[in-house]
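The structure displayed is predicted, hence computed values, not measured ones. The chains referred to below are lettered A, B, ... by the order of the sequence lines, with proteins before strands, and numbering in each begins at 1.
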Amino acid sequence: MSKQKRTAIVPTREQDYAEWYQQVIRAADLAENSDVRGCMVIKPWGYAIWENIQRVLDDMFRETGHKNAYFPLFIPKSYFEKEAEHVDGFAKECAVVTHSRLEDDGDGGLMVAGALTEPLIVRPTSETIIGASFAKWVNSYRDLPLLINQWANVVRWEMRTRLFLRTAEFLWQEGHTVHETPEDAMIETKKMLEVYATFAKEYLAIPVIQGEKTEGEKFPGAVDTFSIEAMMQDKKALQAGTSHFLGQNFAKASEIKFQNRDGELEYAWTTSWGVSTRLIGALIMAHSDDNGLVVPPKIAPAHIAIIPIYRDDEERTAVLEYCAKVEELFHRQYFEDIRVYTELDDRDLTGGERNWHWIKKGIPIRMEIGPRDISADSVMVARRDFDPKMKQSIPFDELKDYIMRSLRDIQDAYYFRALDFLTDNTKNIDDKEEFYAFFTPENEKQPEIHGGFALSHWCGAEECEEIIKEDLKVTVRCIPFDSEEEDGSCIVCNKPSNRRVVFAKSY
RNA sequence: CGGGAUGUAGCGCAGCCCGGUUAGCGCGCUCGGUUCGGGACCGAGAAGUCGGAGGUUCAAAUCCUCUCAUCCCGACCA
């Protein structure tokens, strides 16, 4: 294999997408599996991405009038039982606390003791426990709307886990709101979906499709679930965020009642909405390449890697001095609302080794600073969105402007690349045979990357959805908001349909 | 939870079928030196209860049973 063709990540996306994903996470040092089954350790570079996601979203929630609060990790089983559909949806994946004490088992070990009178469920989501509080907080229409958000961890005892995409414990935010009318609640539900879509586009540089979930795919207990759906580089869909209109289902379960403007007691209308550390999985699979992580500047843990190059102590002193000058140039600088961070990498490794280290971590900008640059009063700059070998000498005087502009350009480049990918792999399909061919790999044994999003007509019957799922493992990802009414016939049963939906394989 | 695969040093693997000195290799790591502008080189060194438990045997990484974990496929799901 020629040196030019060597990729930092083995295997490549084309060779083995699932394995490539794992390797990117390891190469970028984002996270690792823990000794606890299904749980991950999020390492600093990965956690910094989450912190950036939190910071930006938290601001957006504030701007839309929400306040943060914190509710218990444990939910009494009796609370959980109140909403029937909710129970159905989550019962199979609940961790349950049944004891409160450990005792010496007389054999050098410990045994559980102190059985609880009522088992506690480790929250898989918090509708019921938050509902119990809301019932106390809401008495009058004057208390509404109640707009609360919580940053928390939740536990869902998943059978099959994948780093970031599905772990037994994950970090997320869950918004919970209470409204006077169904209209208000629905406006809130859609507003927060819009917030997610904006965040995905503006910060994660991921274009998404907003839409409504089908009956079978919606949140257990919700009246309506809306989602943002993103396309990964293997052309599968990833649900990146959800927003639920809960109607009065949870208000009834938790007795959230208020006296309305006519003096009558009425059940309130609630919503909930959330995004999780899964977004990091989305980020990885939407942008990264065969050389490692690719992370948009607006969400990157750091923006500029500075790699000093020198031969001896004398040069070292001069070079590090110059590096400090460059770091100073960006100290407390912002591009848009994002603070720029630099990383000085003075490890005793070759320039190439250090360069590749930062390429794999996806840092947007790399700078090499050596004696030649100092004498020219300039810096060698490389960009993560360009070929790894490509670098350009930028005079110190122009450096700040150049970098600020580049960060903006890189952010845009990632977004448009992802948008092109989404557009190129989204197809109107009206013919059943074509639909099946679209979702069938040529090599069954080792399926190549295939498929995409098929915009096809669907009659709305669950049976038709089921057939497609059985045959192709393809599901209706959502009924997009922006699809125009149009006469057609269901891709499965040929019955009349007036709108296209998004069909895709999904995570 | 069903089907399949894999667990040997931090990572990637060989050895296992056919049991037999002291369990190897590459990368990484440590120390010393030369290097550093695209994945450096020389020398020295550290690191393994062969995933775990039990069994068969004079002898187990190797054979048998159980178990745990990870990955892939399925069902389920953010």
Side-chain angles (χ1 to χ4, degrees), chain A residues 3-4 6-8 10-11 16-19 21-23 26-27 32-39 88-93 124-125 154-174 196 213 216-220 225 227-230 237-244 272-282 291-292 307-312 315-316 319 345-360 366-374 376 379-380 382 387-391 393 444-447 469-470 473 475 506-507:
Chain A
K3 211 161 192 177
Q4 277 76 14
R6 181 179 168 192
T7 57
V10 180
D16 185 346
Y17 193 82
E19 181 63 18
Y21 175 77
Q22 307 272 113
Q23 294 304 328
R26 196 165 57 179
E32 62 192 21
N33 274 305
S34 77
D35 293 341
V36 184
R37 183 201 178 110
C39 294
D88 273 355
F90 287 108
K92 293 182 294 288
E93 51 189 51
T125 179
V154 286
V155 169
R156 295 183 188 173
W157 215 258
E158 298 289 349
M159 292 305 156
R160 194 176 156 193
T161 58
R162 291 185 94 188
L163 290 175
F164 291 115
L165 295 179
R166 179 168 301 106
T167 47
E169 179 191 10
F170 58 93
L171 307 181
W172 77 347
Q173 74 42 233
E174 46 181 327
Y196 290 153
K213 284 292 190 184
E217 297 270 337
K218 71 178 198 197
F219 176 76
T225 288
S227 72
I228 52 171
E229 301 285 333
L238 183 79
Q239 179 176 304
T242 50
S243 187
H244 316 291
S272 68
W273 28 274
V275 297
S276 70
T277 35
R278 176 180 249 203
L279 284 178
I280 298 173
N291 287 324
I307 301 168
I309 308 284
Y310 50 79
R311 266 174 263 269
D312 49 39
E315 281 185 359
R316 179 171 191 269
V319 168
D345 186 355
D346 188 29
R347 291 177 300 167
D348 185 20
L349 297 168
T350 63
E353 179 66 31
R354 283 177 286 163
N355 256 304
W356 280 103
H357 171 83
W358 291 106
I359 290 169
K360 286 185 280 192
R366 303 188 305 283
M367 291 182 183
E368 279 172 46
I369 299 177
R372 294 210 292 269
D373 303 297
I374 296 176
V379 169
M380 291 304 278
D387 188 281
K389 282 176 296 194
M390 194 185 286
K391 56 187 177 183
S393 183
E444 283 285 357
K445 283 187 183 136
Q446 215 175 354
K469 192 173 174 181
E470 286 284 314
K473 294 166 213 152
T475 50
S506 73
Y507 278 94

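Partners of R37(A) by salt bridge (Lys or Arg N to Asp or Glu O under 4.0 Å), not counting sequence neighbours: none found. Under the side-chain hydrogen bond (donor to acceptor under 3.5 Å, both in side chains) criterion, R26(A) pairs with Q23(A), sequence neighbours left out. The salt bridge (Lys or Arg N to Asp or Glu O under 4.0 Å) check on D16(A) picks up nothing, with sequence neighbours excluded. Taking E315(A) as the reference, R311(A) meet the salt bridge (Lys or Arg N to Asp or Glu O under 4.0 Å) condition, with sequence neighbours excluded. Residues passing the ring-ring contact (aromatic ring centres under 6.0 Å, His included) test with F170(A), sequence neighbours excluded: W172(A). Every side chain to side chain contact (heavy atoms under 4.5 Å, CB included) that P388(A) has, sequence neighbours left out, goes to N291(A), W356(A), I359(A). Partners of E32(A) according to the salt bridge (Lys or Arg N to Asp or Glu O under 4.0 Å) rule, which considers only residues two or more places apart in sequence or in another chain, are K43(A).
No contact: K213(A) has no heavy atom under 4.0 Å from any strand. Within 4.0 Å of A8(A), counting heavy atoms only, lies at least one base atom of the nucleic acid. Among the protein residues, P308(A) comes within range of no part of the nucleic acid, since none of its heavy atoms lies under 4.0 Å from any strand. At the heavy-atom level, I359(A) lies under 4.0 Å from base atoms of the strands shown. Residue contacts shown for L238(A) are absent, as no nucleic acid heavy atom lies under 4.0 Å away. The residue F170(A) sits close to a base: some heavy atom pair falls under 4.0 Å. Heavy atoms of R366(A) sit under 4.0 angstrom from at least one base atom. Residue-level contact check: Q239(A) touches the backbone only, with heavy atoms under 4.0 Å from sugar-phosphate atoms and none from bases. Across all strands, I307(A) comes closer than 4.0 Å to no nucleic acid atom at all (heavy-atom distances). Looking at heavy-atom distances under 4.0 Å, T161(A) makes contact with sugar-phosphate atoms alone, never a base. Among the atoms of the strands shown, only primed sugar atoms or phosphate atoms (P, OP1, OP2) are found under 4.0 Å from some heavy atom of G351(A).
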Do any N or O atoms of the protein come closer than 3.5 Å to N or O atoms of nucleotides 31-33 of chain B, and which pairs are they?
none

Could you go through nucleotides 1-7 of chain B and list every protein N or O atom that sits under 3.5 Å from one of its N or O atoms, giving the distance for each pair?
none

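Taking every side-chain heavy atom of T350(A) into account, G37(B) is the closest of G38(B), G37(B), A78(B). In the set C76(B), G12(B), C36(B), the nucleotide with an atom closest to the side chain of D348(A) is C36(B).
Residue order along RNA chain B, read from the 5' end via each residue's closest nucleotide, puts E19(A) first among E19(A) and H244(A). With the nearest nucleotide of RNA chain B identified for both P371(A) and G38(A), P371(A) has the one nearer the 5' end.
Here, U70(B) and C27(B) have their C1' atoms 22 Å apart, quoted to the whole Å.
One N or O donor and one acceptor, one from the side chain of K391(A) and one from the base of G38(B), sit under 3.5 Å apart.
The heavy-atom pair separating G281(A) from Y21(A) by the smallest distance is CA-OH, 3.5 Å.
Around the CG atom of D35(A), the shell of radius 6.0 Å holds no more than 12 heavy atoms that belong to other residues, nucleotides or ligands.
G19(B): no Watson-Crick or G-U partner with both key distances under 3.5 Å is found in any strand.
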